[in-house]
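Could you have a look at this structure, given as structure tokens, before my questions?
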Amino acid sequence: MVIPQHVAIILDGNGRWAKSRGMPRNYGHVRGAKNLEVICEDAWNMGIKYLTVYLFSTENWKRSKDEVDALMKLFRSYTKTCIKTARDNNMKVRVLGDPSALAPDLQESLKSLVESSRDNTGLNFQIAINYGSRDEIVRAVRRAAQDCLDGRLWPEEITEERFSGYLDTAEVPDPDLLIRTSGEQRLSNYLMWQLAYTEFYFTEVPWPAFTKDDLWKAIEKYNGRERRYGGVREE
Ligand code: IPE
Ligand code: IPE
Ligand code: MG
């Protein structure tokens, strides 16, 4: 079995999962965050080296104030827990997205999460928070344009590779496998540049119920695909 080096996940379906149990949506988010900790460990034990998860999109601000507030509260406690988990499990954490719209204390916690885990050599764990692919590309273009204005970069020097270095995922290889839980089959503004040649796997299982076995099923399916570009197939 070939284990994909980098797996990206759109963890979807927290709300529907909770509703189907007669519980409030926010309960689904709490259980979803707990499950993320479990899957992180499972992924590493399976041999996955990079795991990138979508926690909050630039569009998610349009949800009710109650839900956004509850999510932000959850991210605060999740980030604090993650600082400990990263230390205990040797995880290196990166944050994708524009943190400037987040509350200052959350920005600080995220910064210390990234800084305290910088030298860790275990799972590379990317969390996308206030992330949107279009926003990421626009921010990258702005930085590249500024470098041109400042004389550090010539337009003709902008190659795909050079441009990738301006994205939030600089240093992170492109995902080999994308998983979206809970039935929807769309990208929702996730990693559009990076997923150019990624295999997609959709499952009906909602995120809080997604287990190691489901991850394994996705990897099996990935192994059955004929990959043309964007990855090496070891036999
Ligand atoms: C995913 O679950 C988590 C976030 C987007 C924050 P949803 O909240 O989208 O749950 P559904 O899709 O409404 O069931
Ligand atoms: C995508 O899920 C964003 C995250 C998982 C954080 P959504 O549930 O917000 O996506 P849409 O709005 O249904 O496309
Ligand atoms: Mg959803």
Side-chain angles (χ1 to χ4, degrees), residues 6-40 43 50-82 93-103 106-107 109-110 113 125-139 167-169 172 175 177-195 198 200-211 214-215 218:
H6 182 177
V7 176
I9 308 183
I10 301 177
L11 17 97
D12 197 16
N14 290 349
R16 279 166 284 168
W17 178 86
K19 207 176 153 215
S20 74
R21 276 160 184 74
M23 299 296 282
R25 292 179 59 81
N26 293 336
Y27 175 69
H29 294 316
V30 171
R31 291 292 296 267
K34 284 230 157 64
N35 196 37
L36 183 53
E37 290 177 40
V38 176
I39 294 294
C40 253
Y50 291 81
L51 182 70
T52 301
V53 299
Y54 208 0
L55 292 190
F56 192 86
S57 72
T58 47
E59 287 70 32
N60 286 152
W61 296 107
K62 294 185 198 129
R63 294 191 179 195
S64 74
K65 185 179 181 304
D66 266 8
E67 186 168 354
V68 171
D69 287 351
L71 281 167
M72 292 302 150
K73 196 172 153 211
L74 183 61
F75 295 148
R76 280 192 177 87
S77 65
Y78 178 77
T79 306
K80 296 226 164 78
T81 312
C82 201
V93 187
R94 297 179 177 89
V95 176
L96 314 181
D98 178 6
S100 69
L102 303 171
L106 181 54
Q107 289 185 42
S109 298
L110 288 168
L113 173 59
F125 182 46
Q126 288 69 238
I127 52 181
I129 178 164
N130 190 29
Y131 176 87
S133 203
R134 289 181 175 178
D135 177 67
E136 177 192 35
I137 291 170
V138 167
R139 285 186 286 104
L167 295 170
D168 299 344
T169 48
V172 178
L177 172 65
L178 169 82
I179 299 172
R180 181 166 188 154
T181 59
S182 210
E184 308 306 333
Q185 302 197 358
R186 54 176 174 262
L187 278 186
S188 302
N189 206 3
Y190 194 43
L191 302 174
M192 293 189 302
W193 172 279
Q194 297 86 344
L195 295 174
T198 302
F200 287 9
Y201 177 84
F202 299 103
T203 172
E204 294 296 322
V205 179
W207 174 253
F210 187 87
T211 62
D214 296 311
L215 180 56

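Order of appearance sets the numbers: ligands from 1, and atoms from 1 within every ligand. These figures come from a predicted structure and were not determined experimentally.
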So, E136 side chain and D168 main chain: donor-acceptor pair closer than 3.5 Å or not?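 Looks like yes, one N/O pair under 3.5 Å.
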
Contacting atoms of ligand 1, where contact means under 4.0 angstrom from a heavy atom of L55: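 Listed by number with element: 6 (C).
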
Taking atom CG of N130 and atom OG1 of T58, what is their separation to the nearest 0.5 Å?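 If we round to the nearest 0.5 Å, N130:CG and T58:OG1 are 6.5 Å apart.
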
Looking at R25, which atoms of ligand 1 are within less than 4.0 Å of one of its heavy atoms?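 In order of numbering, the contacting atoms are 7 (P), 8 (O), 10 (O), 11 (P), 13 (O).
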
Tell me yes or no: between the side chains of D98 and S100, is some donor less than 3.5 Å from an acceptor?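 Side chains of D98 and S100: pair found under 3.5 Å.
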
Roughly how far, to the nearest 0.5 Å, is CD1 of I9 from OH of Y190?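 Rounded to the nearest 0.5 Å, the OH-CD1 separation comes out at 8.0 Å.
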
Just jot down the ligand 1 atoms closer than 4.0 angstrom to any heavy atom of N60, in number order.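 Answer for ligand 1: 5 (C).
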
Those atoms of ligand 1 less than 4.0 Å from some heavy atom in H29: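 Those of ligand 1 that fall under 4.0 Å from H29 are 3 (C), 8 (O).
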
Between R186 and ligand 2, which part of the residue brings a heavy atom under 4.0 Å of the ligand: side chain, backbone, both or neither?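 Contact part for R186 vs ligand 2: side chain (C-beta onward).
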
Decide whether the shortest distance between a heavy atom of R180 and an atom of ligand 2 is less than 4.0 Å.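 It does; at least one heavy atom falls under 4.0 Å.
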
I want to know if ligand 1 touches W17 in the polar sense, i.e. an N/O pair below 3.5 angstrom.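 For ligand 1, there is no N or O atom that lies under 3.5 Å from one belonging to W17.
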
Closer than 4.0 Å to some heavy atom of L11 - which atoms of ligand 1 meet that?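 Once the distances to L11 are compared, the set is 1 (C), 3 (C).
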
Heavy-atom contacts with R63 under 4.0 Å: which atoms of ligand 1 show up? List them by number with element.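 Within the 4.0 Å cut-off of R63, ligand 1 contributes 5 (C), 7 (P), 8 (O), 9 (O).
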
Closest protein heavy atom to atom 11 (P) of ligand 1, given as residue, atom name and distance to 0.1 Å: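 So the nearest neighbour among protein heavy atoms is R16 NE, 3.6 Å.
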
Kindly indicate whether the side chain of R31, heavy atoms from C-beta on, has any atom under 4.5 Å from the side chain of N14.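 No. Closest side-chain heavy atoms not under 4.5 Å.
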
Side-chain donor or acceptor of T181 paired with backbone N/O of D12 under 3.5 Å: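 Judged by distance alone, yes, a pair lies under 3.5 Å.
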
Considering only non-hydrogen protein atoms, determine which one is nearest to atom 8 (O) of ligand 2 and report residue, atom name and distance to 0.1 Å.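 Here the nearest protein heavy atom works out to D12 OD1, 3.0 Å.
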
Please report the interatomic distance OG1(T52) to OH(Y131), rounded to the nearest 0.5 Å.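 Answer rounded to 0.5 Å: 9.5 Å.
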
Please round to the nearest 0.5 Å and tell me the distance separating atom OG1 of T203 and atom CD of Q185.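 Those atoms lie 10.5 Å apart.
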
Any N or O on L71 sitting closer than 3.5 Å to an N or O of ligand 1?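 No, L71 has no N/O under 3.5 Å of an N/O on ligand 1.
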
Pairwise distance CZ(R186) to CZ(F200) - rounded to 0.5 angstrom: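 R186 atom CZ to F200 atom CZ measures 13.5 Å (nearest 0.5 Å).
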
Could you tell me which atoms of ligand 2, counted from 1 in the order shown, lie closer than 4.0 angstrom to a heavy atom of F56?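 What qualifies from ligand 2 is 6 (C).
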
Would you call E59 a ligand 2 contact, heavy-atom distance under 4.0 Å?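 Contact absent.
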
Judged by non-hydrogen atoms, does G13 sit under 4.0 Å from ligand 1?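 Contact present.
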
With a cut-off of 2.8 Å, does D12 put an N/O/S atom close enough to the Mg ion (ligand 3)?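 Within the cut-off used here (under 2.8 Å), D12 does place an N, O or S atom near the Mg ion (ligand 3).
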
Which heavy atom of the protein is the closest neighbour of atom 3 (C) of ligand 1, given with residue, atom name and distance?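 Ranking protein heavy atoms by distance from atom 3 (C) of ligand 1, first comes N14 ND2, 3.5 Å.
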
Among all protein heavy atoms, pick the one closest to atom 10 (O) of ligand 1 and tell me residue, atom and distance.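 Protein heavy atom at minimum distance: G15 N, 2.9 Å.
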
May I ask you to list the atoms of ligand 2 that are less than 4.0 angstrom from any heavy atom of S188?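 Near S188, the atoms of ligand 2 are 1 (C), 10 (O), 11 (P), 14 (O).
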
CD1 on I39 to CG on D214, rounded to 0.5 Å: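 The distance works out to 7.5 Å.
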
So for ligand 2, is Y54 a polar contact partner (N or O within less than 3.5 Å, distance only)?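 In fact, backbone or side chain, Y54 has no N or O that close.
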
Of the side chain and backbone of Y190, name the one, both, or neither that has a heavy atom under 4.0 Å from an atom of ligand 2.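 Neither; nothing of Y190 gets under 4.0 Å from ligand 2.
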
Which residue is it: L96, V93, V53, V95? I am looking for the one with a side-chain contact (heavy atoms from CB on, under 4.5 Å) to Q126.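 So, applying the side-chain contact (heavy atoms from CB on, under 4.5 Å) to Q126 and each of L96, V93, V53, V95, only L96 qualifies.
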
